[in-house]
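Here the structure is laid out as structure tokens; the discussion comes afterwards.
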Amino acid sequence: MTNICPIKNVADLVSEACRAYRETFDGENANVAVCAPGRVNLIGEHTDYNEGFVLPMALPMVTVMVGSKTSGQKCCVVTLTEAADEPKMVDFDLPNELTPLLRGQPNWANYVKGVVQHYRARPIPGFRAVIASSVPLGGGLSSSASLEVAVYTFLQQLCPDDGNQVAKAVACQQAEHTHAAVPCGIMDQFVSVLGKEGHALLIDCRSLQATAVPLADPGLVILITNSNIRHSLTGSEYPTRRKQCENAAVVLGKKSLREATLQDLEAAKDRLDSVTYRRARHVIEEIERTAQAAEALKRGDYKEFGRLMVESHNSLRDNYEVSCPELDQLVSAALEVEGVFGSRMTGGGFGGCTVTLLQAYAKERAVKHIQEKYHGSPTFFITTPSEGAHVFNL
Ligand code: ADP
């Protein structure tokens, strides 16, 4: 028996949330329903906050938000997600000029409050809402960004903004910075807003322009393996990496590492400590690899794409030092299977998931082999590139 997780149908999630809404709010019906996807990054890791390229795709796993506006100034939100911290229901007042929404408990509600605070139109009416999700929490598939983008999309139905999609992603990123205290880049929110079915998205995180790259070959499978491990050092390691990259850019005399070449780095080697040198080397090479990978995908050269994925993983392990034995083990096991093009850790690191590109015919064999070789208990998702945030008619 392998642990391939069935992916919950979005319509079923919406029905579940609508039922819970009726039960929670005196038999009333929700009249707004939206969803926003999680994401997997195919290549381009830790490059977004260095203004580089990333190549993620939106997932069929989504966060759904259903609800209705109310006449008052109060917001009441319930999450149906077991793994969120208690309590599962929160009440808060809408922010105003004098009293912004601040971080508090439970932690999950900070993502909601952050988006309400950074929403780009006013006046937001009071509302009641229920959240349901098929994105695993804390697994590196961006349940947090999908929650933020779902909340923003929900607010758009109550109080329309100007419809600028990039500004929407930036507002959700701001919410994560101020209310979750995670200094994340733009990738997760961007692809959750702008993801396109049957395509990966090459995002230039300097210009914030994106190109959709077709990825719908029926002979290909994108396998996500969750290590179900999360090493607790993650909290401090991410800001540390960010700082090291900023320091490297300063020493190189560049605005960001996007502007730097390997020649620049070599020329400055004497002025960088060895750790900072390796961090910068990963970023500069990874930006180039991501551009090459997008070209390979356009040509249908999956072999080359897979080779670049493996190079990316090795660099994240050796130069950026954000992998861990569990992720390395999952990648090595995947690469032993005939029909696998490439495999790498995906997301911030120190646990979470790997992503593997393989021939569809090798799917069962790959899952079985990885499960046998991995010392922990993995879960698997067979995924296809999906649509960004959207609204449902109820
Ligand atoms: P991920 O890689 O999944 O984004 P994070 O640790 O960055 O991992 O964010 C996970 C956090 O986001 C959860 O601990 C929770 O606070 C919040 N979250 C995500 N999805 C939901 C949800 N459906 N309901 C409540 N909180 C959620």
Side-chain angles (χ1 to χ4, degrees), residues 8 10 13-14 16-17 20-21 24 33-41 45-46 48-49 56 58-59 61-67 75-90 92 103-116 129-154 172-173 175-192 224 226-239 322 327 345-355 379 381 389:
K8 216 175 209 174
V10 185
L13 264 184
V14 172
E16 203 180 297
Y21 186 92
T24 312
V34 303
C35 79
R39 65 93 189 95
V40 67
N41 190 19
E45 213 65 75
H46 289 277
D48 61 347
Y49 55 83
L59 289 172
M61 292 93 103
V62 298
T63 299
V64 156
M65 187 163 180
V66 308
C75 306
C76 181
V77 185
V78 174
T79 178
L80 302 182
T81 300
E82 277 295 312
D85 53 333
E86 295 289 343
K88 302 282 198 270
M89 179 191 270
V90 290
F92 55 89
R103 294 177 64 189
Q105 293 296 329
N107 189 50
W108 69 266
N110 290 324
Y111 296 88
V112 180
K113 292 177 183 169
V115 174
V116 172
V130 171
I131 291 160
S133 183
S134 54
V135 190
L137 264 64
L141 301 181
S142 278
S143 68
S144 51
S146 74
L147 173 57
E148 290 150 9
V149 174
V151 174
Y152 197 104
T153 310
F154 178 81
C172 292
Q173 179 198 23
E176 181 134 355
H177 286 185
T178 57
H179 285 68
V182 179
C184 61
I186 189 67
M187 166 172 67
D188 306 349
Q189 292 81 5
F190 196 109
V191 67
S192 185
I224 296 175
N226 192 343
S227 66
N228 289 312
I229 291 286
R230 176 134 305 268
H231 294 288
S232 56
L233 60 158
T234 321
S236 60
E237 292 287 329
Y238 187 90
V322 290
L327 293 173
M345 58 155 278
T346 183
F350 304 111
C353 295
T354 62
V355 58
T379 38
F381 299 95

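Atoms within each ligand, like the ligands themselves, are counted from 1 in listed order.
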Met61 backbone acceptor or donor facing Lys8 side chain under 3.5 Å:
no

Protein residues that have a heavy atom under 4.0 Å from any atom of ligand 1, sorted by chain and number
Thr79, Thr81, Ala84, Asn107, Trp108, Tyr111, Ile131, Ser133, Pro136, Leu137, Gly138, Gly139, Gly140, Leu141, Ser142, Ser143, Ser144, Leu147

Can you tell me how far the CG atom of Leu141 sits from the CG atom of Asp188, to the nearest 0.5 Å?
10.0 Å

Quick one: does any side-chain atom of Thr63 pair with a main-chain N or O of Ser133 as donor and acceptor, under 3.5 Å?
no

Which pairs of donor and acceptor atoms, one on a side chain in residues 179-187, lie under 3.5 Å apart (sequence neighbours left out)?
from, atom 1, to, atom 2, distance (Å)
His179, NE2, Leu101, O, 2.8

Give the minimum heavy-atom separation between Gly352 and Ser227, together with the two atoms involved.
O-OG, 2.7 Å

Looking at CH2 of Trp108 and CG of Leu137, how far apart are the two atoms once the value is rounded to the nearest 0.5 Å?
11.0 Å

